[in-house]
Enquirer: 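Next up is a structure, given as structure tokens.
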Number of protein chains: 2
Amino acid sequence: MSETLRQFKAGIFQALAHPTRIAIVETLREGELSAGAIIEKLALEQANVSQHLAVLRTRHIVISRKEGNQVFYTVRDPLLIEVLDIMRSYFQAHIEESVTMLQEFEQMDNTESAKQ
Amino acid sequence: MSETLRQFKAGIFQALAHPTRIAIVETLREGELSAGAIIEKLALEQANVSQHLAVLRTRHIVISRKEGNQVFYTVRDPLLIEVLDIMRSYFQAHIEESVTMLQEFEQMDNTESAKQ
DNA sequence: TTTCTATATTCGAAATATGGAATATATTTG
DNA sequence: CAAATATATTCCATATTTCGAATATAGAAA
């Protein structure tokens, strides 16, 4: 497989590699929502959500449609939702280890801060 | 959905969000390989591959098994292969656009360099 | 036109990821 | 034991990501 294709794939994964962006995609699971509605549902900063939406747009994970004042977003391909669903079963299948793993990451974070 | 689950999913995507790590996982599609075999197939620096393997290990994307001098790697869970398969259809479905997108990125890079 | 609302963009600081060079560790071989 | 082999880890410089604050833009309403 070409390096170009691998870069493309990495870009898609990268676009999904943030909890907030995953939250956005899952919020859009039921269908179209305005940026404002997403912000409200997630209870996050407007600028922050907008930045994450920009990442998802650039990677064509979502499509945006402007209507008057608002911008409506949809997930472009349902396949992505399917992927997220599979990952949930994966998580559940390995729940014990998954929690341990996340705890280890937190532990690392604490160790880092402790150094200061 | 819990923030924990979202972090977990983001972690998996993060682990796959690098061309070299994608190459490694795809190399392991056919089955187990030693670190050395992976390095040879990908024709990359030993240390570099080892670092990327460490990322994949930390995220439990791969499992390692030590036999004598060597360490053999496998992709841990068929569910992940399934994820990769779905992503593969996704990539194929959008390949045309991907090429366009990559061209745009190149364009951006050129613009960037031109600025210097 | 001025103001209001919804959304996007820019900027700068802090955090994180990356790659190469050097070094460490463990195992086998002589 | 010493040397060779396979792999992992550490260190350091650079690049990228992330967030909040401030600012910009575009459309709607007054």
Side-chain angles (χ1 to χ4, degrees), chain A residues 3 6-7 10-24 28 32-59 62-74 104-116, chain B residues 3 6-7 10-24 28 32-59 62-74 105 108-109 112-113 115-116:
Chain A
E3 177 63 19
R6 255 179 246 129
Q7 273 177 252
I12 302 291
F13 286 127
Q14 174 69 44
L16 295 168
H18 193 286
T20 300
R21 293 199 288 272
I22 296 202
I24 290 174
L28 294 174
E32 195 178 58
L33 281 181
S34 70
I38 296 171
I39 291 162
E40 195 182 353
K41 280 208 177 197
L42 301 185
L44 294 172
E45 289 286 321
Q46 181 270 322
N48 193 1
V49 172
S50 194
Q51 283 169 358
H52 285 299
L53 282 171
V55 172
L56 294 173
R57 248 185 293 124
T58 304
R59 273 2 196 273
V62 298
I63 301 179
S64 63
R65 172 178 76 79
K66 193 160 187 177
E67 187 179 318
N69 226 358
Q70 297 169 288
V71 179
F72 290 89
Y73 285 91
T74 42
E104 277 166 12
F105 286 135
E106 275 172 36
Q107 196 59 42
M108 284 200 273
D109 291 348
N110 295 340
T111 312
E112 288 305 313
S113 335
K115 281 181 188 166
Q116 315 283 338
Chain B
E3 176 65 17
R6 258 179 246 130
Q7 274 177 253
I12 303 287
F13 285 126
Q14 171 76 34
L16 295 170
H18 192 286
T20 299
R21 293 197 289 273
I22 293 185
I24 290 173
L28 292 175
E32 195 179 60
L33 281 181
S34 70
I38 295 171
I39 290 162
E40 194 182 353
K41 278 209 177 193
L42 301 184
L44 293 172
E45 288 287 320
Q46 182 270 322
N48 193 1
V49 171
S50 194
Q51 283 168 359
H52 285 299
L53 283 171
V55 172
L56 294 173
R57 249 186 291 123
T58 305
R59 266 18 191 270
V62 299
I63 302 179
S64 62
R65 171 178 76 79
K66 192 161 188 177
E67 187 180 320
N69 226 1
Q70 297 169 289
V71 178
F72 289 89
Y73 284 90
T74 42
F105 285 138
M108 284 201 287
D109 290 350
E112 287 304 310
S113 333
K115 281 181 188 165
Q116 314 282 338

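Here is the naming used below: chain letters follow the sequence lines, and residue numbers restart at 1 for every chain.
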Enquirer: Mind listing the closest non-hydrogen atom pair of A/Y73 and A/A35 along with its distance?
Expert: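 Minimum heavy-atom contact is CE1-CB, 4.1 Å.
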Enquirer: Ignoring hydrogens and geometry, is there a side-chain-to-backbone donor-acceptor pair from B/R6 to A/I22 under 3.5 Å?
Expert: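 Not at all, since once roles are kept as given, no pair shorter than 3.5 Å links the two residues.
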Enquirer: Would you mind reading off the distance between B/I24 atom CD1 and C/dG19 atom C1', rounded to a whole angstrom?
Expert: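 Checked: the CD1 to C1' distance equals 14 Å.
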Enquirer: Quick one: A/I39 CD1 to D/dG20 P, roughly how many Å, whole number?
Expert: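 In whole Å, D/dG20 P lies 13 Å from A/I39 CD1.
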Enquirer: Should the heavy atoms of other residues, nucleotides or ligands under 6.0 Å from CD of A/E40 be counted, would the total exceed 12?
Expert: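 No, the 6.0 Å shell around CD holds no more than 12 heavy atoms from other groups.
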Enquirer: Could you give the CG-to-P distance, from A/L56 to C/dT7, as a whole number of Å?
Expert: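 After rounding, the gap between these two atoms is 16 Å.
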Enquirer: So do the side chains of A/I38 and A/L53 get within less than 4.5 Å of each other, counting heavy atoms only?
Expert: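 SC-SC contact between A/I38 and A/L53 confirmed.
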Enquirer: Could you go through residues 42-50 of chain B and list every donor-acceptor pair under 3.5 Å that involves a side-chain atom there, pairing it with any protein atom two or more places apart or in another chain?
Expert:
residue: B/N48; atom: OD1; partner: B/H52; partner atom: NE2; Å: 3.2

Enquirer: What is the distance, rounded to the nearest whole Å, between atom CD of A/E40 and atom C1' of C/dT5?
Expert: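 That distance rounds to 14 Å.
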Enquirer: To the nearest 0.5 angstrom, please state how far the NE2 atom of B/H18 sits from the CD atom of B/Q51.
Expert: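 CD of B/Q51 is found 10.0 Å from NE2 of B/H18.
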Enquirer: For A/I38 and C/dT7, what is the distance between atoms CD1 and P respectively, to the nearest whole Å?
Expert: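 To the nearest whole Å, that distance equals 9 Å.
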Enquirer: Take atom CG of A/L16 and atom C1' of D/dT17, then tell me their distance rounded to the nearest Å.
Expert: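 Whole-Å distance recorded here is 15 Å.
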Enquirer: Please pick, from D/dT9, C/dT7, C/dA8, the nucleotide with the shortest atom-to-atom distance to any side-chain atom of A/L53.
Expert: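 Closest nucleotide among those given: C/dA8.
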Enquirer: Taking the side chain of A/S34 as heavy atoms from C-beta outward, which of D/dT17, C/dT9, C/dT7 is closest to it?
Expert: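 Of the options given, the side chain of A/S34 lies nearest C/dT7.
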Enquirer: Does D/dC19 have OP1 or OP2 sitting under 4.0 Å from an N or O in the side chain of A/H18?
Expert: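 Yes, because at least one side-chain N or O of A/H18 sits under 4.0 Å from OP1 or OP2 of D/dC19.
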Enquirer: Nearest whole angstrom, please: distance from the C1' of C/dT27 to the CZ of B/R65.
Expert: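 Distance, rounded to whole Å: 15 Å.
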Enquirer: Of A/T20 and B/G36, whose closest DNA chain D nucleotide lies nearer the 5' terminus?
Expert: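 First, find each residue's nearest nucleotide; the 5'-ward one identifies B/G36.
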Enquirer: How does protein reach along nucleotides 24-30 of chain D, written 5' to 3' as B (base within reach of a heavy atom under 4.0 Å), S (only sugar-phosphate), or - (no contact)?
Expert: --SBS--
Enquirer: What's the shortest heavy-atom distance between A/V71 and A/S64, and which atoms?
Expert: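 Answer, listing the atom of A/V71 first, then A/S64: CG1-CB, 3.6 Å.
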Enquirer: Measuring from A/L28:CG to A/L33:CG, what's the distance to the nearest 0.5 Å?
Expert: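 Separation between the atoms: 5.5 Å.
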Enquirer: Could you state the CD-C1' distance from B/Q70 to C/dT28, rounded to the nearest angstrom?
Expert: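 My rounded result for the distance is 11 Å.
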Enquirer: Are any side-chain N or O atoms of A/R21 and backbone N or O atoms of A/L56, one a donor and one an acceptor, separated by less than 3.5 Å?
Expert: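 No: the side chain of A/R21 does not pair with the backbone of A/L56.
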Enquirer: Taking only the side-chain nitrogens and oxygens of A/Y73, find out if one of them lies under 4.0 Å from OP1 or OP2 of C/dA8.
Expert: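 So the side chain of A/Y73 is within the cut-off, an N or O lying under 4.0 Å from OP1 or OP2 of C/dA8.
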Enquirer: Give the residues of residues 41-51 of chain B touching DNA chain D, defined as any heavy atom closer than 4.0 Å, sorted by residue number.
Expert: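 Heavy-atom cutoff 4.0 Å gives B/Q46, B/A47, B/S50, B/Q51.
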Enquirer: With a 4.0 Å limit, can you tell me whether A/H52 has a side-chain N or O closer than that to the phosphate oxygens OP1/OP2 of D/dC19?
Expert: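 Answer is yes, contact under 4.0 Å.
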